[in-house]
Engineer: 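Once you've had a glance at the structure underneath, I'll fire off some questions.
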Amino acid sequence: MPIQLFDSLERKLKPLAPAHPDGVFRFYNCGPTVYAPAHIGNFRTFVVNDVLRRLLELEFGADRVKHVRNLTDVDDRTIGQTQKEKRPLAEITQKWTDKFHADCDALNCLRPHVEPTATGHIREQVDMIEVLMEKGNAYRAPDGSVYFKIASFPAYGALSRIKERELKVTNSAFDADHKDDIGDFALWKAYKPEEDGDVQWPGPRTAAAGRPGWHIECSAMIKKHLGETIDLHTGGVDLLFPHHENEIAQSQCCNGTTFARHWYHSEHLLVDGTTMSKSKGNYYTLGDLVEKGYSPMAVRYALLSGHPRKQLNFTLDSMHAAGSALATLRAFRTTLHASGVTHDVFAPVFAALQDDLNTPAALGALFSIINRKSVEASAASFDRVLLAFGLKLDAPAPRANVPADILALAEKRWVAKQAKDFATADALRQELAAAGWSMLDRKTDYKLEPLKKV
RNA sequence: GGCGCGGUAGCCAAGUGGUAAGGCCGAGGUCUGCAAAACCUCUAUGCGCCGGUUCAAUUCCGGCCCGCGCCUCCA
């Protein structure tokens, strides 16, 4: 069964298939801006896209998928950070790129095949801008910036239905810029010494030195690494407008061909029922959750527990639920034997994933199957399911070091237990619990763990 | 104001024109000195409210209420 996925442009489910004769599926996912740690909302998008990537590889073959995800390493926010920290742009973006990679690895996200950066593709962006200027789709503003003229692209707004919108009239940015029309957007931003520090490059012909506008980087990097027409372009819903709308305009005017055959947008994560923000105190990075004792795999599971095209309400309770569900899967895995079963009992799981990436339905199907009285599943078939979800069931990472006094108590209790002095042993268990530790007895030894969160 | 999404058990969350997957929590049980783990059983006559269509609606249509998102550089 082919993978069906909702297309944000045509607003219906469409099968995914490579269009290029080489049979390679061309997949572009808008990546992060590297100026701060990514939050779990960002990671919802990347985890969802990672499952998509895995499904595509299962469908077309691992060598028949080319996955590109960019790193935005020059824009208002990254430059703002250099000004705030008084450090070079490259130093800041490298730091947060490394952090992003570490988080992705912890969440078991496959690395994209190409991870291009905006600063690494200035030439390509300038080239495109020059073509757009030559074709009359872009113009130089008085300050030397270059803007895209949306009036030159009649199809503008198809993705976001912008023409049907009544734009808010209050737009302070309009006066500050030098564009002809309020809808026009920057392809190239002229250098501003007071804001930009030492961040600048030579601009397109006739334009001033400066830096690329945000949108053009994706158009240029896609053209370079995937070609003029790609099979799938994805990102968070917030990118629908203006980012993706603008990418379509730039790329199609420049190249004269269809830009992306399929658009997919995953919805936002809510935390405690509302949008995440630092001021509301409901803003989490992966590191924040790990500090609270949750494993990255539990985070991944929680992020997949809602339909990707629906807002997902993330709570600490859902983290706990995810951890417990993973433990159930881990226990089930140990009952499986390598060999044997030919038919795939997990077919319904894949069917749900292939039906618009319905991860919650797929997880439901998975548990329904493993809850059956007699499951004829092989370890291999189960592992294939885990591979698709990107779930690793390794035992939880070693806990924090056990303090010496706790260890001493535990040792004392173990001795008492061996001597069958159960009264003493129970009293010591109480003491350990009061100190926040749980002692798990085994046949020949014991294990200490911090008490479970309620 | 415009565009869009959603309201299903204590929490999270699928789904369907014929009467509700799954996870967590909770309860009971089996098993272990205890604890933990594991395993078994149970847990929505109900799907925001009011109408309508229909033999039949949570599922379709209309109205209303509530929540959330976007509306120029936020995944």
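In what follows, chains carry the letters A, B, and so on, assigned in the order in which the sequence lines appear, proteins first and then strands, with residues in each chain numbered from 1. A quick note: this is a predicted structure, and the numbers were derived from the prediction, not measured.
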Engineer: Between U72(B) atom P and F185(A) atom CZ, what is the distance in whole Å?
Structural biologist: 15 Å

Engineer: Rounding to an integer number of Å, can you tell me how far H244(A) NE2 sits from G4(B) C1'?
Structural biologist: 17 Å

Engineer: Do H113(A) and H67(A) have side-chain N/O donor and acceptor atoms under 3.5 Å apart?
Structural biologist: no

Engineer: Might you work through the ring-ring contact (aromatic ring centres under 6.0 Å, His included) test for F259(A) and H233(A), ending with a clear yes or no?
Structural biologist: CA-CA 9 Å; F259(A) 177 46; H233(A) 192 138; 5.6 Å; yes

Engineer: Base, sugar-phosphate or nothing for N246(A)? Non-hydrogen atoms, less than 4.0 Å.
Structural biologist: nothing

Engineer: From the set C12(B), G69(B), A75(B), return the single nucleotide nearest to any side-chain atom of T275(A).
Structural biologist: G69(B)

Engineer: Please check this pair: side chain of T328(A) against backbone of S324(A), looking for a donor-acceptor N/O pair closer than 3.5 Å.
Structural biologist: yes

Engineer: Contact class for R309(A) vs. all strands (heavy atom < 4.0 Å): base, sugar-phosphate, or nothing?
Structural biologist: nothing

Engineer: Tell whether R429(A) reaches the base of A35(B) with its side chain through a donor-acceptor pair below 3.5 angstrom.
Structural biologist: yes

Engineer: Nearest to the L440(A) side chain among G22(B), G69(B), A35(B), which nucleotide is it?
Structural biologist: A35(B)

Engineer: Using the C1' atoms only, state how far C39(B) lies from U45(B), rounded to an integer number of Å.
Structural biologist: 31 Å

Engineer: Select one nucleotide: of A13(B), C74(B), G6(B), the one nearest the side-chain heavy atoms of R77(A).
Structural biologist: C74(B)

Engineer: Report the distance from atom CG of N313(A) to atom C1' of A13(B), rounded to the nearest whole Å.
Structural biologist: 11 Å

Engineer: Tell me what K447(A) touches on the nucleic acid: a base, only sugar-phosphate, or nothing, going by heavy atoms under 4.0 Å.
Structural biologist: nothing

Engineer: Under 4.0 Å, counting only non-hydrogen atoms across every strand here, what does L366(A) touch: a base, just sugar-phosphate, or nothing?
Structural biologist: nothing

Engineer: How far does the P atom of C5(B) sit from the matching atom of G63(B), given to the nearest Å?
Structural biologist: 15 Å

Engineer: According to the Watson-Crick and G-U wobble definitions, with both distances under 3.5 Å, which nucleotide is paired to A35(B)?
Structural biologist: none

Engineer: D426(A) side chain: which of A38(B), A75(B), C34(B) is closest?
Structural biologist: C34(B)

Engineer: Can you figure out which of A75(B), G33(B), A38(B) approaches the side chain of F46(A) most closely?
Structural biologist: A75(B)

Engineer: When all nucleic acid strands are considered with a 4.0 Å heavy-atom cut-off, which category describes S266(A): base, sugar-phosphate, or nothing?
Structural biologist: nothing

Engineer: Nearest to the side chain of N42(A), heavy atoms from C-beta on, is which of U72(B), A75(B), C68(B)?
Structural biologist: A75(B)

Engineer: With sugar-phosphate meaning primed atoms plus P, OP1 and OP2, does D75(A) contact a base, only sugar-phosphate, or nothing at under 4.0 Å between heavy atoms?
Structural biologist: nothing

Engineer: Just compare G69(B), C3(B), A13(B) and give me whichever is closest to any side-chain atom of T274(A).
Structural biologist: G69(B)

Engineer: Using ring-ring contact (aromatic ring centres under 6.0 Å, His included), reason through F100(A) and F46(A) one step at a time and then give a plain yes or no.
Structural biologist: CA-CA 11 Å; F100(A) 177 68; F46(A) 299 127; 5.4 Å; yes

Engineer: Mind checking H39(A) for me? I need base, sugar-phosphate or nothing, with any heavy atom below 4.0 Å counting as a touch.
Structural biologist: base

Engineer: Donor-acceptor pair, Q125(A) side chain versus A118(A) backbone, under 3.5 Å?
Structural biologist: yes

Engineer: Between the side chains of T274(A) and D272(A), is a donor N or O closer than 3.5 angstrom to an acceptor N or O?
Structural biologist: no

Engineer: Using a 4.0 Å heavy-atom cut-off across all strands, classify F422(A) as base, sugar-phosphate, or nothing.
Structural biologist: base

Engineer: By nearest atom, which of the nucleotides C25(B), C12(B), G22(B) is closest to the F367(A) side chain?
Structural biologist: G22(B)

Engineer: Among S219(A), P204(A), C254(A), find the one that has a side-chain contact (heavy atoms from CB on, under 4.5 Å) with I129(A).
Structural biologist: P204(A)

Engineer: From the list A13(B), C24(B), A75(B), which nucleotide is the closest neighbour of the side chain of P360(A)?
Structural biologist: A13(B)

Engineer: What nucleic acid atoms does G41(A) come within less than 4.0 Å of, heavy atoms only: base, sugar-phosphate, or nothing?
Structural biologist: base

Engineer: If the plane angle is over 60° it's perpendicular, under 30° parallel, otherwise tilted; pick one for F185(A) and F148(A).
Structural biologist: parallel

Engineer: Taking atom C1' in both G69(B) and C74(B), compute the distance separating them and give it to the nearest angstrom.
Structural biologist: 12 Å

Engineer: Nearest whole Å is fine: how far is U72(B) C1' from K179(A) NZ?
Structural biologist: 6 Å

Engineer: So what does G273(A) touch, heavy atoms closer than 4.0 Å: a base, only the sugar-phosphate, or nothing?
Structural biologist: sugar-phosphate

Engineer: Tell me the interatomic distance from F314(A), atom CZ, to A13(B), atom C1', rounded to whole angstroms.
Structural biologist: 15 Å

Engineer: Between the side chains of S368(A) and N371(A), is a donor N or O closer than 3.5 angstrom to an acceptor N or O?
Structural biologist: no

Engineer: Roughly how far apart, to the nearest Å, are U19(B) and C12(B) at atom C1'?
Structural biologist: 25 Å

Engineer: Taking C-beta and beyond as the side chain, do V271(A) and Y283(A) meet within less than 4.5 Å on heavy atoms?
Structural biologist: no

Engineer: Would you list the protein and nucleotides 16-18 of chain B atom pairs, both N or O, that sit under 3.5 Å from each other?
Structural biologist:
none

Engineer: At under 4.0 Å between heavy atoms, what does G364(A) touch on the DNA or RNA strands: base, sugar-phosphate, or nothing?
Structural biologist: base

Engineer: So, is N371(A) near the phosphate of G23(B), with a side-chain N or O under 4.0 Å from OP1 or OP2?
Structural biologist: yes

Engineer: Looking at the side chain of H268(A), which of G33(B), A75(B), C71(B) is the nearest nucleotide?
Structural biologist: A75(B)

Engineer: What distance, rounded to whole Å, do you find between the two C1' atoms, one in G22(B) and one in G15(B)?
Structural biologist: 11 Å

Engineer: Taking the C1' atom in each of A14(B) and A20(B), what is the distance between them to the nearest angstrom?
Structural biologist: 11 Å

Engineer: Counting any heavy atom closer than 4.0 Å, what does R69(A) reach on the DNA or RNA strands: base, sugar-phosphate only, or nothing?
Structural biologist: nothing

